[in-house]
There are 2 protein chains.
Amino acid sequence: MDNQLSTARGHFIQGMSRISNFWGFPRAMGAIYGAIYLSPEPLSLDELVEQVSVTKGAVSTNVRQLERLGMVHKHIQLGSRKDFYIAETDFWKIAKGILREREQSEFDAALNTVSESLDMLDEADDPELAGFYKERMGAMQGFFQTLDSVVSTIMKLENLMSLSALQKFISSSDKS
Amino acid sequence: MDNQLSTARGHFIQGMSRISNFWGFPRAMGAIYGAIYLSPEPLSLDELVEQVSVTKGAVSTNVRQLERLGMVHKHIQLGSRKDFYIAETDFWKIAKGILREREQSEFDAALNTVSESLDMLDEADDPELAGFYKERMGAMQGFFQTLDSVVSTIMKLENLMSLSALQKFISSSDKS
DNA sequence: CATATTGTTTAGTATGAACTAAACGTATTA
DNA sequence: TAATACGTTTAGTTCATACTAAACAATATG
């Protein structure tokens with residue numbers, strides 16, 4: 001392949017790997033997505049092994065994770081029994097997938113913990129301290145709930161079009 | 001202390017520790033914030049050591065990190081040379097702090113990597129593939145830029161009041 | 001000046017997660 | 001049926017990071 005292009009691709013893939021790591025995913029996962037994303041043709045597992053320099057096992061598990069998140073799609077090539085993969089290019093959709101898959105579960109757990117702690121305060125001996133706890137925990141619970149509802153509402157927006165409307169709204173309501 | 005209350009507090013702190021871990025911060029950091037957040041009085045380093053069962057060194061570094069993020073504030077008690085800490089209770093402000101401190105830097109790096117990769121495509125031999133790369137990388141760059149501007153605009157909103165307005169707007173523009 | 005009180009720094013340790021290498025299961029083909 | 005071509009699973013290794021324990025620096029106090 002063209003040297004210019006492969007250098008650029010390497011740089012890009014490296015960047016994806018870094019981003020992936022930053023968001024708490026394995027480095028290889030980002031790299032693999034990057035490779036698939038930059039390929040005009042569906043890629044097989046072996047081609048990925050070659051392009052990302054990672055063993056088959058790692059590619060296998062990472063690509064499966066990518067699929068679960070809706071970041072890549074399996075593409076069955078008739079006549080071949082290999083699995084091929086193509087990239088999901090709708091990043092908005094991807095964001096939704098990740099949010100749903102990952103934040104939700106752990107986020108709910110967090111919210112529950114706070115609620116549970118609040119419930120434990122019910123029949124406490126020290127009413128003053130209990131009141132203080134209630135206030136604090138309640139405030140945090142409220143914040144999480146707000147955050148949750150905002151995020152989930154934003155996630156309902158269908159496309160980036162509505163996002164620009166959102167931005168306009170935000171700018172217009174910004175009084176600072 | 002009241003047994004009810006200390007159980008509830010333990011549960012809460014444990015939850016904070018978990019959340020902290022989820023967001024990519026040390027577990028102890030969340031626990032420490034939780035302890036400070038639930039204390040009516042400013043807490044000293046030694047008190048924190050006792051309450052979260054972590055060594056002084058760890059508390060020292062973690063509490064400093066918390067301060068950098070604007071999650072706690074040093075409170076100098078006249079007459080004592082200990083450092084006391086109180087919790088920042090404006091979660092909106094905290095979110096801003098974290099976003100600014102952390103996402104921004106790493107996020108910018110990510111954006112730069114994509115831009116750099118794009119620049120490398122300029123004089124490539126294979127115009128067809130180069131075109132494809134440009135298209136893909138450009139799309140990703142666009143997404144990141146949009147995301148960046150949305151987040152940064154949202155972060156300009158001063159308080160949770162405007163958030164509820166935001167929610168109303170979102171619900172009203174949701175056609176799905 | 002010696003001692004105590006505080007917070008920080010450092011060297012070493014433990015833990016968890018991601019990867020490698022290789023065995024494995026399963027289907028396909030010769 | 002043997003051999004090949006896949007993808008998956010597993011056991012072990014590597015690596016990063018958060019922690020502990022203890023030395024340390026700085027300041028105050030007797």
Side-chain angles (χ1 to χ4, degrees), chain A residues 13-14 16-36 42-69 71-86 101-102 105-106, chain B residues 13-14 16-36 42-69 71-86 102 106:
Chain A
I13 288 180
Q14 192 182 326
M16 291 300 106
S17 154
R18 191 170 162 182
I19 293 174
S20 180
N21 172 256
F22 175 67
W23 292 106
F25 296 108
R27 296 190 108 97
M29 199 177 120
I32 291 169
Y33 176 79
I36 300 178
L43 286 183
S44 74
L45 211 153
D46 288 317
E47 289 167 320
L48 282 169
V49 167
E50 187 199 358
Q51 291 205 17
V52 200
S53 321
V54 161
T55 54
K56 219 164 39 137
V59 173
S60 173
T61 62
N62 278 303
V63 93
R64 194 157 2 114
Q65 171 71 350
L66 283 171
E67 216 192 351
R68 276 191 54 242
L69 292 173
M71 294 183 65
V72 304
H73 303 289
K74 204 174 271 187
H75 177 92
I76 294 100
Q77 201 91 297
L78 285 134
S80 168
R81 53 189 163 118
K82 292 188 184 178
D83 294 346
F84 292 87
Y85 294 92
I86 59 176
E101 184 77 21
R102 152 170 198 211
S105 52
E106 189 61 26
Chain B
I13 288 179
Q14 192 181 326
M16 291 300 106
S17 153
R18 191 171 161 181
I19 294 173
S20 179
N21 172 254
F22 175 66
W23 292 107
F25 296 108
R27 299 182 122 255
M29 199 177 120
I32 291 170
Y33 176 79
I36 300 178
L43 286 182
S44 73
L45 210 153
D46 289 317
E47 289 167 319
L48 283 170
V49 167
E50 186 198 359
Q51 291 205 17
V52 279
S53 320
V54 162
T55 54
K56 220 166 37 142
V59 173
S60 173
T61 62
N62 277 304
V63 93
R64 192 152 9 111
Q65 171 71 350
L66 282 171
E67 216 192 350
R68 277 191 53 241
L69 292 173
M71 295 183 66
V72 304
H73 303 287
K74 205 174 269 187
H75 177 92
I76 295 99
Q77 201 92 294
L78 285 133
S80 168
R81 52 190 164 119
K82 292 188 184 179
D83 294 347
F84 292 88
Y85 294 92
I86 60 175
R102 149 169 201 214
E106 189 61 26

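It should be emphasised that the depicted structure is a prediction, and the values quoted were computed from it without experimental measurement. Reckoned from all heavy atoms, side chains included, excluding hydrogens, waters and symmetry mates. Letters go in sequence order (proteins before strands), and every chain restarts at 1.
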Please table the atom pairs, donor to acceptor, closer than 3.5 Å between any side-chain atom in residues 49-63 of chain B and protein atoms at least two apart or in another chain.
from    : atom 1 : to      : atom 2 : distance (Å)
B:Gln51 : OE1    : B:Arg9  : NH1    : 3.0
B:Thr61 : OG1    : B:Ala58 : O      : 3.0
B:Asn62 : ND2    : B:Ala58 : O      : 3.0

Test side-chain contact (heavy atoms from CB on, under 4.5 Å) on B:Met71 and B:Gln65; report intermediate values, then the result. CA-CA 9 Å; B:Met71 295 183 66; B:Gln65 171 71 350; over 6 Å; no
Output the residues of residues 54-65 of chain B in contact with DNA chain D, where contact means a heavy atom of the residue under 4.0 Å from an atom of the strand; sort by number or write none. B:Val54, B:Thr55, B:Ala58, B:Asn62
I need the [atom1]-[atom2] distance between [X] and [N], as an integer number of Å.
X: A:Arg27; N: D:dT14; atom1: CZ; atom2: P; value: 19 Å
X: B:Leu48; N: C:dT8; atom1: CG; atom2: P; value: 12 Å
X: A:Asp46; N: D:dA5; atom1: CG; atom2: P; value: 11 Å
X: A:Asn21; N: C:dC19; atom1: CG; atom2: P; value: 9 Å
X: B:Met29; N: D:dC19; atom1: CE; atom2: C1'; value: 15 Å
X: A:Glu50; N: D:dC6; atom1: CD; atom2: P; value: 14 Å
X: B:Phe22; N: D:dA18; atom1: CZ; atom2: C1'; value: 19 Å
X: A:Lys74; N: D:dT8; atom1: NZ; atom2: C1'; value: 11 Å

Heavy-atom contacts under 4.0 Å between residues 76-86 of chain A and DNA chain C, which residues? A:Arg81
Closest non-hydrogen atom pair, [X] against [Y]:
X: B:Phe25; Y: B:Leu69; value: CE2-CD1, 3.9 Å
X: A:Ala35; Y: A:Leu48; value: CB-CD2, 4.0 Å
X: B:Pro42; Y: B:His75; value: CG-CD2, 3.8 Å
X: A:Met16; Y: A:Gly34; value: CG-CA, 3.9 Å

Are A:Lys74 and A:Tyr85 close enough, and set up right, to give a side-chain contact (heavy atoms from CB on, under 4.5 Å), and what steps lead you there? CA-CA 5 Å; A:Lys74 204 174 271 187; A:Tyr85 294 92; 3.4 Å; yes
Between B:Ser17 (side chain only) and B:Gly30 (backbone N and O only), is there a donor and an acceptor less than 3.5 Å apart? no
Give the intermediate values and the outcome of side-chain contact (heavy atoms from CB on, under 4.5 Å) for residues A:Asp83 and A:Leu45. CA-CA 7 Å; A:Asp83 294 346; A:Leu45 211 153; 6.0 Å; no
